Peer 1: 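Sharing a structure, written as structure tokens. Questions coming.
Computed from a predicted model, the values in this text were never measured in an experiment. Sequence positions, counted from 1, serve as the residue numbers for this chain.
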Amino acid sequence: MALDWAVRNKRIVAAAVAPVALGAAAVVAVAVSEPSAPSTAPTTLTASVTECHDMVSIAVGGRNDSPRPGTHAMLLDADGNPLPAASSTDFSSPWVDEVVNAPRDDVPEGSYSAVYVEYPANMSSYDDAVEAGVDNAETVMQAIRQACPDTKFAVVGYSEGADVARRVAMEIGNQESAEDGSYEIVDPDSVVGVVILADAGRTAGEGPFPGAEDEFRNPDGFDLAYQSGRNSASGSGSLPGTSGSFGALDGKVASFCSEGDLTCSAPENIALLQLAVNVGRQLNVDALERDGLTPETALDVATVLGRIAMAAFADIQSQENWMQSDETFLDVLVKVSDPSYEPAVRDVASTGTDGEITSGELIDLTYLPAKLRNEVIGFIADNENTLEVALSDPYQQTLGPDTGHHFDYWRDSDPENGKPLTSAQYAAAWLTHLAKQAESGELDKAEAESTAPQLVVSSKPIDPAPLPPTTDGDVEKAAAGATTTTPTTTSSTPASPTRAAASSSASPAPVPPVPAPSPAAPAPSPAAPSPLPAVEPLPAVEPLPTVEPTTVAPTTAESSAPGTTTPAATTTPTTTPVPQP
């Protein structure tokens, strides 16, 4: 009897731990990238952010692939204090090096640099490690930007570091500028490229270049095609709570995912596995891998599961009509187990006194049979692919030494099917292209052109036909003066001419009053026609009231009435299609 009891209890424990172990394996798939121990370097502090470069790549390695203070030479800030990063000349990653070191041979020495961010890079608490990586990466970028305002940045991350890179890019791209135009982290315009290898926040169906003009072919501004078709890995990232828009960095991101890498191509309808992944993110996976199920690790598992269960019941209580909804208890567990979950609070005062069974709750009991039925149906539907994935041994499928798809990014070229380079080679070529642009100043020109007001002056020659006959050259001089002063007048109120032009084309009624002053202007002094073309654009011309309606000057351009001040009107409306930055 005692033996049977012990066997039964072991089976129960195994059944309870299996999903958690599977979740730990899935989280490890997100974080692992360490086929060998990281290299070491002298601990002398040499590199400083004051050594400015045209472009710096911020690199974030995977699990255990990070520099360590006391083991590697750390970067110094402008005051000589160590920063959580090491130069790529002092730390080497067996994976990320191929990408971030590629530009060195193609730009002059000193123009380009790469630094590796120091962060826990472990699985004692996955989300704590990733958030530390995000904070450290942003700290390093701020220090570099403060010392070298003209430096451009790229951000590169793989595996656990890919999660860091995504979150950094999303935070930078979705910032709001302060009143003085500054940004809390760095200006999004200073970030020219982001490379994410094994993107756990990837959305289903998303192409490799989210937000780009052609998200399946190339990032904006780089003509080399990644692939000839419109292929995208199936499924989505295993950490959907980390997905989202890159904001101002859309079109500057390369998010690579290999088919079969469950980190970024997890199939739909695997709710139990998603729950296991979320649980694993809150466990000490390092201890579970190292020691197995011990009293300490079992207590860790029980604590996490208990916290999730309490959060699930609290979430259900916060919903007024949960019994009538289609949400299943498993749905709630998946939702609240995400570390980013924020609990809702129900207003008890509006629903009855705490502890009482209200009439609404009594009505909810009538939905119990239907709710139980939905629970069964929903459980089956939400786990349609769970068994298939579990039986395929996802740990080996993703992390197998020679076959794991988590390492495909260095061997996934397929020239016969329109993919000539591996993902890592393509990322290296793109960073090299960006480094060349930064060195030549092309990136500064592009940034200036995108932010400066675009003033357009007409290149059309002024038609002299509408001008009154004259032998004096003052008219031509005044017309030239109007041409040069018109952009200044327009730039002070860039939106007004555009609206005036639009209104004149839609409703020509206001046109007759405008030309009335124009023929009257030369009447008092016909011998001096010079004020004629300068009535509207030149503030010094008398009478003064004629200067004020400059915002409606384009209306005269729309008028076909002859004898009006056509020269001035011809130059002014050409400024109206001013593109707004």
Side-chain angles (χ1 to χ4, degrees), residues 14-32 123 126-127 130 159-160 162-163 166 196 198-206 232-244 255-283 285 288-289 301 304-305 308-309 311-312 315 325-341 374-400 403-406 408:
V17 171
V20 176
L22 186 56
V27 174
V28 170
V30 177
V32 73
M123 296 295 297
Y126 175 82
D127 274 78
V130 170
S159 195
E160 187 171 11
D163 198 355
R166 165 175 274 276
I196 310 174
D199 184 1
R202 174 179 167 270
T203 303
E206 188 175 66
S232 177
S234 63
S236 59
S238 60
L239 305 181
T242 64
S243 62
S255 169
F256 298 114
C257 178
S258 173
E259 185 70 49
D261 182 354
L262 294 181
T263 298
C264 54
S265 67
E268 296 180 349
N269 300 323
I270 53 170
L272 275 176
L273 295 183
Q274 187 62 61
L275 174 61
V277 169
N278 289 347
V279 171
R281 292 166 66 183
Q282 302 173 60
L283 293 174
V285 175
L288 273 172
E289 274 196 320
V301 172
V304 171
L305 292 178
I308 291 173
D315 184 86
S325 72
D326 293 330
E327 187 178 48
T328 66
F329 187 65
L330 180 57
D331 293 334
V332 176
L333 287 173
V334 172
K335 176 175 65 176
V336 303
S337 63
D338 191 316
S340 63
Y341 166 76
N374 288 339
E375 286 287 332
V376 174
I377 296 175
F379 183 89
I380 295 173
D382 289 344
N383 288 282
E384 182 180 350
N385 296 314
T386 296
L387 185 60
E388 179 183 349
V389 173
L391 292 178
S392 70
D393 191 359
Y395 193 95
Q396 287 299 318
Q397 175 181 324
T398 295
L399 300 174
T403 60
H405 294 295
H406 198 60
D408 281 348

Peer 1: Using a 4.5 Å cut-off on heavy atoms from C-beta on, say whether the side chain of M123 contacts that of E289.
Peer 2: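 They are not in side-chain contact.
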
Peer 1: Does the side chain to side chain contact (heavy atoms under 4.5 Å, CB included) test come out yes or no for D408 and D261, once each step is laid out?
Peer 2: CA-CA 8 Å; D408 281 348; D261 182 354; over 6 Å; no

Peer 1: Checking Q397 side chain against G404 main chain: does a donor-acceptor pair fall under 3.5 Å?
Peer 2: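 Checked: no pair found.
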
Peer 1: Is D199 close to C257 at the side-chain level, that is, under 4.5 Å between some pair of heavy atoms?
Peer 2: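 No, too far: nothing below the 4.5 Å cut-off.
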
Peer 1: In Å, rounded to the nearest 0.5 Å, how long is the span from CG of D163 to SG of C264?
Peer 2: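 Taking CG in D163 and SG in C264, the distance rounds to 12.0 Å.
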
Peer 1: In Å, rounded to the nearest 0.5 Å, how long is the span from CG of L399 to CG of L262?
Peer 2: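 Rounded to the nearest 0.5 Å, the CG-CG separation comes to 9.0 Å.
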
Peer 1: Using a cut-off of 6.0 Å, state whether more than 12 heavy atoms not belonging to E375 lie near its atom CD.
Peer 2: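 Above 12, so yes.
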
Peer 1: Show the nearest heavy-atom pair for residues A233 and S258, with the distance to one decimal.
Peer 2: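 That closest heavy-atom pairing would be CB-C, 4.4 Å.
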
Peer 1: Can you check side chain to side chain contact (heavy atoms under 4.5 Å, CB included) on E384 and I270, steps first, answer last?
Peer 2: CA-CA 7 Å; E384 182 180 350; I270 53 170; over 6 Å; no

Peer 1: For residues P339 and D127, determine if any side-chain heavy atom of one lies less than 4.5 Å from a side-chain heavy atom of the other.
Peer 2: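 They are in contact (side-chain heavy atoms under 4.5 Å apart), so the answer is yes.
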
Peer 1: Check whether R202 reaches the backbone of P240 with its side chain - one donor and one acceptor, N or O, closer than 3.5 Å.
Peer 2: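 No.
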
Peer 1: With rounding to the nearest 0.5 Å, note down the distance linking CD1 in I308 to CG in L275.
Peer 2: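 Spacing of CD1 (I308) from CG (L275) equals 6.0 Å.
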
Peer 1: Could you give the distance from CG (N374) to CZ (F379), rounded to the nearest 0.5 Å?
Peer 2: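 Rounded to the nearest 0.5 Å, the CG-CZ separation comes to 15.0 Å.
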
Peer 1: Hey, are S255 and E206 close enough side-chain-wise for a donor-acceptor pair under 3.5 Å?
Peer 2: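 On atom types as modelled, these side chains do not qualify, holding no pair under 3.5 Å.
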
Peer 1: Looking at D315 and A312, would you say the former's side chain and the latter's main chain have a donor-acceptor pair under 3.5 Å?
Peer 2: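 Not at all, since once roles are kept as given, no pair shorter than 3.5 Å links the two residues.
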
Peer 1: Verify the distance criterion only: is there a donor paired with an acceptor across the side chains of S159 and H406 at less than 3.5 Å?
Peer 2: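 S159 vs H406: donor-acceptor pair found between side chains.
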
Peer 1: The test is side chain to side chain contact (heavy atoms under 4.5 Å, CB included); show your working for H405 and T398 and say whether it passes.
Peer 2: CA-CA 5 Å; H405 294 295; T398 295; 5.7 Å; no

Peer 1: Test side chain to side chain contact (heavy atoms under 4.5 Å, CB included) on Y126 and V277; report intermediate values, then the result.
Peer 2: CA-CA 11 Å; Y126 175 82; V277 169; over 6 Å; no

Peer 1: Distance-only, no hydrogens or angles: does the E259 side chain make a donor-acceptor pair with backbone N or O of S234 under 3.5 Å?
Peer 2: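 It does hold such a pair.
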
Peer 1: Just by distance, with hydrogens left out, do S238 and R281 show a side-chain donor and acceptor under 3.5 Å apart?
Peer 2: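 The answer is no; no qualifying pair exists.
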
Peer 1: Got a second to check how far Q274's CD is from L333's CG, nearest 0.5 Å?
Peer 2: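 Output value for this atom pair is 12.5 Å.
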
Peer 1: Examine the side chains of Y341 and N278 and answer whether a donor and an acceptor come within less than 3.5 Å of each other.
Peer 2: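 No - no donor-acceptor pair under 3.5 Å links their side chains.
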
Peer 1: Would you check if the side chain of T403 reaches a backbone N or O of G400 as a donor-acceptor pair within less than 3.5 Å?
Peer 2: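 No, the answer is negative, given that no donor and acceptor are paired below the 3.5 Å cut-off.
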
Peer 1: Taking all non-hydrogen atoms of both residues into account, name the closest pair between V389 and P267 and its distance.
Peer 2: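 That would be CG2-CG, 3.5 Å.
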
Peer 1: Just one of I380, L387, T386, N385 clears the side chain to side chain contact (heavy atoms under 4.5 Å, CB included) bar with N383, so which one?
Peer 2: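 That would be T386; it is the only one of I380, L387, T386, N385 passing the side chain to side chain contact (heavy atoms under 4.5 Å, CB included) with N383.
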
Peer 1: Say you draw a straight line from CD of E160 to OG1 of T263; how long is it, rounded to the nearest 0.5 Å?
Peer 2: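 Nearest 0.5 Å value for the CD-OG1 distance: 11.0 Å.
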
